[in-house]
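Owing to the predicted nature of the structure, the values given are computational and were not obtained by experimental measurement. Quick note on labels: first sequence line is chain A, next is B, and so on, each numbered from 1.
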Amino acid sequence: MIGAMGKKEELSGLFERLADVLEFKGENPFKSIAYRKAARTLLDLDEEIETIVAEGRLRSIPGIGEGIAKKILEYLETGQVKHYEEARAGIPDSVLEIMNIPGMGPKTTALVYKELGIKSVDELEAAASAGKLRELPGMGAKKEENILRGIRLVRDGSKRILLGVALPIVEAIIAELSTVTGVEMILPAGSLRRMKETVGDIDILAASEDGRRIVEAFTSLGCVREVLAAGDTKGSIITQDGLQVDLRVVKAESFGAALQYFTGSKDHNVALRRLAQARGLKINEYGVFRGEERIAGTTEEEVYRALDLPLIPPELREDRGEIEAAQKGELPRLVEFADVKGDFHVHTTASDGHNTIEEMVEAAVRRGYKYIAICDHSKSTTVANGLDETRLLAQVAEIRKLQSRYKGIRILAGSEVDIRNDGTLDFPDEVLGQLDIVIAAVHSALKRPRDEMTRRILKAMDNPHVRLIAHPTGRLLGKREPSELDMEAVLKRAAETGVGLEINAQPDRLDLDDRDCRRAQELGVKVAIGTDAHDADSLWYMRLGVGVARRGWVGKDSLLNTFTASRLEKVLRRS
DNA sequence: GCCGTTTTCGGCCCGACTGTTTTCAGTCG
C-alpha cells in the first residue's frame with residue numbers, strides 16, 4: 001500500500017500509464033522499460049520530489065535522464081505532461097485495462113482493438129465467448145479459452161496476498177514436495193523470500209535430475225484448483241485459495257544461480273546482469289558464464305563472488321543501493337531472527353486476547369525468549385475491553401506474582417495505552433510510572449489532518465513514560481490507508497527523545513514499513529518488533545517483523561528485541 | 001528513454017512455455 005498521494009506517486013502513475021500506451025502503440029519497447037523503471041524509482045524515493053527538484057538533484061537519480069526530468073518539471077509546473085496527453089489521445093483507458101488480463105499483452109490487445117474494435121474487458125469477454133477471436137491471425141480456440149480464464153482470474157480478485165498468509169501455505173507445499181523422490185533441494189524464491197509485505201504469486205525452486213516427476217507431483221497436489229502450465233522444468237498452478245504458485249526445477253549444479261535469478265527482484269537482477277556484462281560475463285538461471293565456460297552457479301555465494309560481491313541478503317535485493325553498498329564493502333550487518341530475545345507487544349484475555357498471561361509467558365519460554373511485554377489495551381479502546389486504572393494495576397500485581405515462578409524470563413508489565421485526540425494518554429503519569437514499559441498508540445480518529453495526527457504523536461512521545469509508539473501509521477494492508485503523518489518529524493523526535501518505534505508484526509499491519517525502518521536506521525532511531533499477538537500461536541509473526549527490519553537495513557544494535565534482558569532494563573529505566 | 005572500463009550510438013537480461021505455427025511470436029517472470 002502506498003501512502004498518501006504526493007506528486008511523486010502521481011508522476012509514478014503517469015509514467016506507468018505512458019508506458020502502457022507506448023507498448024500498446026508498438027513503439028520502441030525500451031522506452032516503456034525506461035518509463036517503468038522511472039516510475040518505480042519515484043515510488044522508492046525517501047524524499048519528496050519537490051525537494052529534490054528544488055535542490056537540482058533530479059538528474060542525479062539513476063534512470064531519470066533528460067527526457068523524464070523535463071516531464072517531471074513540466075508536471076510540477078503545469079499539472080500535466082503534454083507528451084502523455086498526446087500519446088493517449090484517442091485511446092480509451094478501458095482498452096489499456098485489457099492489458100491487465102493475463103495472456104493479453106500489448107500485441108494481442110492492439111490486434112483485437114484494430115481488427116474487431118474491442119475497447120474493454122467486457123467486450124473482449126463477449127468476443128471470446130462468441131468464438132470471434134479465433135478468426136484472427138495467430139489466434140485459436142485455446143487462446144480464447146485462456147483469455148476467458150484470465151478474465152475470470154482478474155475478476156476473482158487475484159490481488160496480492162499478505163506475506164503472513166502466503167508463508168504458511170508455501171511452507172506446507174514445500175514440506176510435501178520435499179518428500180518426492182529425487183528432490184535434492186527445494187526453497188521458496190521470489191518476493192516471498194525477499195519477505196515483501198505482500199506477494200503476487202509464489203515461486204518455488206527445486207533441484208533435481210528428474211524435473212518431470214516433481215512437476216507432476218506438484219500439479220497433482222491436493223491444494224491445486226487449476227494447472228496453468230506443466231513442462232519438464234516448470235509448472236504453474238492456482239491453489240484452492242486462488243494463489244498462483246510457480247515451480248521451477250533445475251539441476252543441483254545450477255541451484256544457486258537459479259535461486260538468485262528467481263529471488264529477484266527484477267531490478268536487482270537487471271543491475272547484476274549489467275555488472276556481469278561489463279566483465280564479459282553472462283548470467284542466467286543456469287550459472288555465470290565466460291563464453292561457454294561456466295564459472296559459478298552451485299550456490300548464490302558463488303554467483304555474487306563471480307562479480308566480486310559478497311552475498312547480498314535476499315531482503316535487500318530491491319536495487320535500492322545494495323549493490324553499490326556491496327561494492328564498497330558497506331553492506332549492513334542485518335539483524336537475524338536468531339538474535340531476537342523477546343516480544344514487546346502481546347495481549348491477553350484481560351482485553352481482547354485469547355490466552356492468559358501465563359499461557360503467553362509459557363509460549364514465550366518455549367520460543368527461548370528472555371522477556372515478554374504484556375501490553376493490553378487501555379480503557380478508551382472499549383471495543384477491545386480495554387483496562388481501566390484499577391484493572392491495570394491488578395494486572396501489574398498479578399504479573400509480579402507470576403514473575404516469582406519464572407527465573408529465565410522477565411515478564412514486563414506494560415500497556416498499549418491510547419493516545420487520545422489531543423495527544424494526552426489514557427492513564428495519568430502516576431499509573432504509567434508503575435509499568436515496566438509503556439507503548440502508546442492511536443486507535444481512533446485516524447483520519448484527522450496531517451498536522452493534527454503528527455502533533456498528537458509528537459506530544460505522546462514527549463511524555464517521559466512512553467518508550468514505544470505502536471503501529472505508527474495505523475495502516476491495514478488492503479483495507480485502510482496509513483494516517484496522514486509527517487513521518488520525518490516523528491522520526492526526528494524519536495531520535496531526540498530516545499522513544500522507539502514499533503514494527504508491528506501483524507500480517508496486515510507491518511507498520512513501520514521497510515522504508516520507514518530504513519529512514520529510522522539512518523537517523524539512529526531504535527525500533528522494536530511487537531507481534532501484537534492476541535493468542536499464543538501468533539507469536540510466530542515475529543518472523544514477519546524481522547523480515548521488515550531486514551528489508552529496512554536494520555542492524556542488530558538498532559533493534560531492541562536483540563538486547564539482553566539486563567541491557568533492556570537500562571533502556572527502559574532510561575535517562 | 002537511459003546510459004557509457006569496448007560505446008555519445010547502439011545497445012538495452014534472458015530463457016521457458018504455449019499455441020499457433022511448419023520455424024516462430026507473444027507473453028511471462
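- A salt bridge does not link A/Asp508 to A/Arg480: none of the charged side-chain nitrogens sits closer than 4.0 Å to a carboxylate oxygen.
- Looking at A/Glu253 and A/Lys251, no side-chain N of the basic residue comes within less than 4.0 Å of a carboxylate O on the acidic one, giving no salt bridge.
- Only the C1' atoms considered, B/dT8 is 9 Å distant from B/dC3, to the nearest whole Å.
- For B/dC14 and B/dC9, the C1' atoms lie 23 Å apart once the distance is rounded to whole Å.
- One atom, CD1 of A/Ile147, and another, C1' of B/dG26, lie 11 Å apart when rounded to the nearest Å.
- Of the P atoms belonging to B/dC13 and B/dG4, the separation is 14 Å, rounded to the nearest Å.
- A salt bridge is defined here as a Lys NZ or Arg NE, NH1 or NH2 lying under 4.0 Å from an Asp or Glu carboxylate O, and A/Arg194 with A/Glu318 meets this definition.
- Taken residue by residue, residues 91-109 of chain A places heavy atoms nearer than 4.0 Å to DNA chain B at A/Ile101, A/Pro102, A/Gly103, A/Met104, A/Gly105, A/Pro106, A/Lys107, A/Thr108.
- If you take atom C1' in B/dA25 and the same atom in B/dT20, they sit 9 Å apart, rounded to whole Å.
- Scored by the ring-ring contact (aromatic ring centres under 6.0 Å, His included) test, A/Tyr113 finds A/Phe24 as partners (sequence neighbours excluded).
- Of the P atoms belonging to B/dT5 and B/dG1, the separation is 23 Å, rounded to the nearest Å.
- Among residues two or more places apart in sequence or in another chain, the ring-ring contact (aromatic ring centres under 6.0 Å, His included) test is passed with A/Phe262 by none.
- The pair A/Asp339-A/Arg333 does not count as a salt bridge, with every side-chain nitrogen at least 4.0 angstrom from each carboxylate oxygen.
- With sequence neighbours left out, A/Lys37 forms a salt bridge (charged side-chain N to carboxylate O under 4.0 Å, His left out) with A/Asp319.
- With salt bridges taken as basic N to acidic carboxylate O contacts below 4.0 Å, none links A/Glu285 and A/Lys234.
- Ion pairing between A/Glu488 and A/Arg519 holds under the 4.0 Å rule for side-chain N and carboxylate O.
- Within 4.0 Å of A/Lys70, counting heavy atoms only, lies no atom of the nucleic acid at all.
- A heavy atom closer than 4.0 Å to some atom of DNA chain B occurs in no member of residues 209-219 of chain A.
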> For A/Ile214 and A/Asp210, what are the C-alpha separation, side-chain angles and deciding distance, and is it a side-chain contact (heavy atoms from CB on, under 4.5 Å)?
Replying inline: CA-CA 7 Å; A/Ile214 309 178; A/Asp210 187 357; 6.0 Å; no

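- Computed from coordinates, the A/Leu111 CG to B/dT20 P distance equals 13 Å when rounded to whole Å.
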> With Watson-Crick and G-U wobble geometry limited to distances under 3.5 Å, how should the secondary structure of DNA chain B be encoded in dot-bracket form, using | for bases paired to another strand and [ ] for crossing pairs?
Replying inline: ((((....)))).((((((....))))))

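- A/Phe15 is linked by a ring-ring contact (aromatic ring centres under 6.0 Å, His included) to A/Tyr35, counting only residues two or more places apart in sequence or in another chain.
- The number of heavy-atom neighbours closer than 6.0 Å to NZ of A/Lys25, taken from other residues, nucleotides and ligands shown, is above 12.
- Protein atom CZ of A/Arg248 is 11 Å distant from nucleotide atom C1' of B/dC28, rounded to whole Å.
- What separates CG of A/Asp267 from P of B/dG29 is a distance of 15 Å, to the nearest Å.
- In terms of phosphate contacts, A/Tyr84 brings no side-chain nitrogen or oxygen within less than 4.0 Å of OP1 or OP2 of B/dG1.
- At a threshold of 4.5 Å between non-hydrogen side-chain atoms, the residues A/Glu23 and A/Lys31 do not count as touching.
- With sequence neighbours left out, A/Arg509 forms a side-chain hydrogen bond (donor to acceptor under 3.5 Å, both in side chains) with no residue at all.
- For the C1' atoms, the distance from B/dT22 to B/dC12 is 32 Å, rounded to whole Å.
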> In the 5'-to-3' direction, what one-character label does each nucleotide of nucleotides 2-14 of chain B receive under the scheme B = base within less than 4.0 Å of a protein heavy atom, S = sugar-phosphate only, - = no such atom?
Replying inline: SS--S-----BBB

Which atom pairs link the protein and nucleotides 17-19 of chain B when you take only N or O atoms and keep those under 3.5 Å?
from, atom 1, to, atom 2, distance (Å)
B/dC17, OP1, A/Thr233, N, 3.3
B/dC17, OP1, A/Thr233, OG1, 2.9
B/dC17, OP1, A/Lys234, N, 3.4
B/dT18, OP1, A/Ala230, N, 3.1

Between side-chain atoms of residues 220-227 of chain A and protein atoms elsewhere (two or more places apart, or another chain), which donor-acceptor pairs fall under 3.5 Å?
from, atom 1, to, atom 2, distance (Å)
A/Ser220, OG, A/Glu216, O, 2.6
A/Ser220, OG, A/Ala217, O, 3.4
A/Glu226, OE2, A/Arg149, NE, 3.3
A/Glu226, OE2, A/Arg149, NH1, 3.4

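- As rounded to whole Å, 18 Å separates atom P of B/dG26 from atom CD of A/Glu144.
- Distance noted for atom C1' between B/dT21 and B/dT27: 16 Å (whole Å).
- The shortest distance between side-chain heavy atoms of A/Ser120 and A/Glu97 does not fall below 4.5 Å.
- On the P atoms, B/dT7 is 13 Å away from B/dG11, given to the nearest whole Å.
- For A/Glu16, the side-chain hydrogen bond (donor to acceptor under 3.5 Å, both in side chains) criterion is met by A/Arg36, not counting sequence neighbours.
- The separation between A/Phe262 atom CZ and B/dC28 atom C1' is 11 Å, rounded to whole Å.
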